[in-house]
Amino acid sequence: MNVLVTGATGTVGAHVVDGLRYAPDAAVTAASRDPVTARERLDCATVGFDFTDPTTYRDAFAEIDALLLVRPPALSRVRRDIIPALSAAVGAGVEFVVFLSVIGADRNPLVPHARIESWIADSGLETTFLRASFFMQNLSTTHREEIRDGRLAVPAGDGKTSFVDARDVADVAVRALREGITGAYDLTGPDALSYAEVCAVLSATLEREVEYTDPSLPRFLVSRYRLEGDLAKAGVMAAIYTTARLGLAARVTDDVRSLLGRPPTDFRAFVRDNRTVWT
Ligand SMILES: NC(=O)c1ccc[n+]([C@@H]2O[C@H](COP(=O)([O-])OP(=O)(O)OC[C@H]3O[C@@H](n4cnc5c(N)ncnc54)[C@H](OP(=O)(O)O)[C@@H]3O)[C@@H](O)[C@H]2O)c1
């Protein structure tokens with residue numbers, strides 16, 4: 001089976017490539033806008049691919065049986081930016097798509113993932129929807145600097161989040177791709193934590209104070225915009241943390257355990273594994 005991994009240099013995709021690289025039953029190709037750098041980094045076959053550049057589709061989908069579909073976070077106009085590539089994949093003979101979706105996509109038509117799921121469901125493809133909760137890795141990437149500086153500034157109040165380790169999501173994707181598991185799954189960690197609890201775990205493991213500041217929404221928007229200069233991204237982050245504040249991100253499921261036959265990674269273990277990131 002030939003598998004194309006989109007988002008192969010990203011949070012989940014890179015672990016999926018790792019999981020498939022030596023699989024005897026799958027040949028993996030990593031898709032990237034910069035296939036040369038990706039080959040050096042991932043040590044596997046790569047191909048140039050850009051969702052927004054149709055001239056890259058033919059080579060990327062040639063001989064491909066199965067696809068890990070990762071929507072780049074910056075591409076929200078699904079009909080314009082994602083569907084043309086998916087149509088090309090179907091035309092090229094791809095039969096199976098494992099889509100990295102987001103928890104709640106089945107109940108919230110406003111998220112781009114819902115529109116992608118709906119297109120795929122109507123396409124005749126064999127599909128798996130992996131509806132993932134909020135990645136633990138957001139704390140070791142997006143929020144790394146501020147945690148290093150001793151604080152975490154997100155407007156989530158006392159709301160809890162069922163953080164999932166992206167490596168567990170990748171392990172599920174690998175299993176789905178190798179074994180042709182179809183269906184829709186809600187992937188969460190083993191429990192839901194408030195950001196005060198997150199900071200308590202960080203403080204205890206890093207052996208120094210990490211303060212949860214819980215800023216107001218306007219204050220959060222202004223500071224994220226100052227930091228990254230991207231108002232749309234700041235808006236998406238504000239929406240995600242508001243969902244948590246309202247208590248809508250706390251649902252815990254058993255899907256990781258039932259698909260992997262082991263419990264999902266606990267947040268404390270994640271922090272222990274990654275402690276050098278924040279020191
Ligand atoms: N972060 C979370 O907590 C979370 C939770 C649930 C679901 N999700 C969903 O998971 C998906 C991935 O999110 P992420 O934050 O983990 O991002 P990510 O996968 O780390 O995103 C970056 C990836 O997108 C690729 N990419 C960017 N623009 C591209 C383009 N025009 N064409 C092709 N590839 C492109 C990049 O590849 P190159 O630079 O190599 O081209 C890179 O591999 C998103 O749809 C997100 O909504 C995220």
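Both ligands and their constituent atoms are indexed starting at 1 by order of listing.
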Scan for side-chain hydrogen bond (donor to acceptor under 3.5 Å, both in side chains) pairs involving residues 270-279, sequence neighbours excluded, and state none if there are none.
R167-D273

T265 and D168: side-chain donor and acceptor closer than 3.5 Å?
yes

Give the C-alpha distance, both sets of side-chain angles, the deciding distance and a yes or no for salt bridge (Lys or Arg N to Asp or Glu O under 4.0 Å) between D81 and R71.
CA-CA 9 Å; D81 293 333; R71 176 195 70 96; over 6 Å; no

Are the charged groups of R41 and D34 less than 4.0 angstrom apart, N to O?
no

Once side-chain hydrogen bond (donor to acceptor under 3.5 Å, both in side chains) is applied, what residue pairs with a partner in residues 231-242 remain, sequence neighbours excluded?
H143-Y241, E228-K233

Which protein residues have a heavy atom closer than 4.0 Å to any atom of ligand 1, listed by chain and number?
G7, A8, T9, G10, T11, S32, R33, F49, D50, F51, V70, R71, P72, P73, L75, L100, S101, V102, H113, A132, S133, F134, F135, N138

Acceptor/donor pairs from residues 127-136 side chains to any protein atom, 3.5 angstrom cut, sequence neighbours excluded:
| unit_1 | atom_1 | unit_2 | atom_2 | d |
| --- | --- | --- | --- | --- |
| T128 | OG1 | I181 | O | 2.5 |
| R131 | NE | E117 | OE1 | 3.3 |
| R131 | NE | E117 | OE2 | 2.9 |
| R131 | NH2 | E117 | OE1 | 2.7 |
| S133 | OG | S162 | O | 3.0 |
| S133 | OG | S162 | OG | 3.0 |

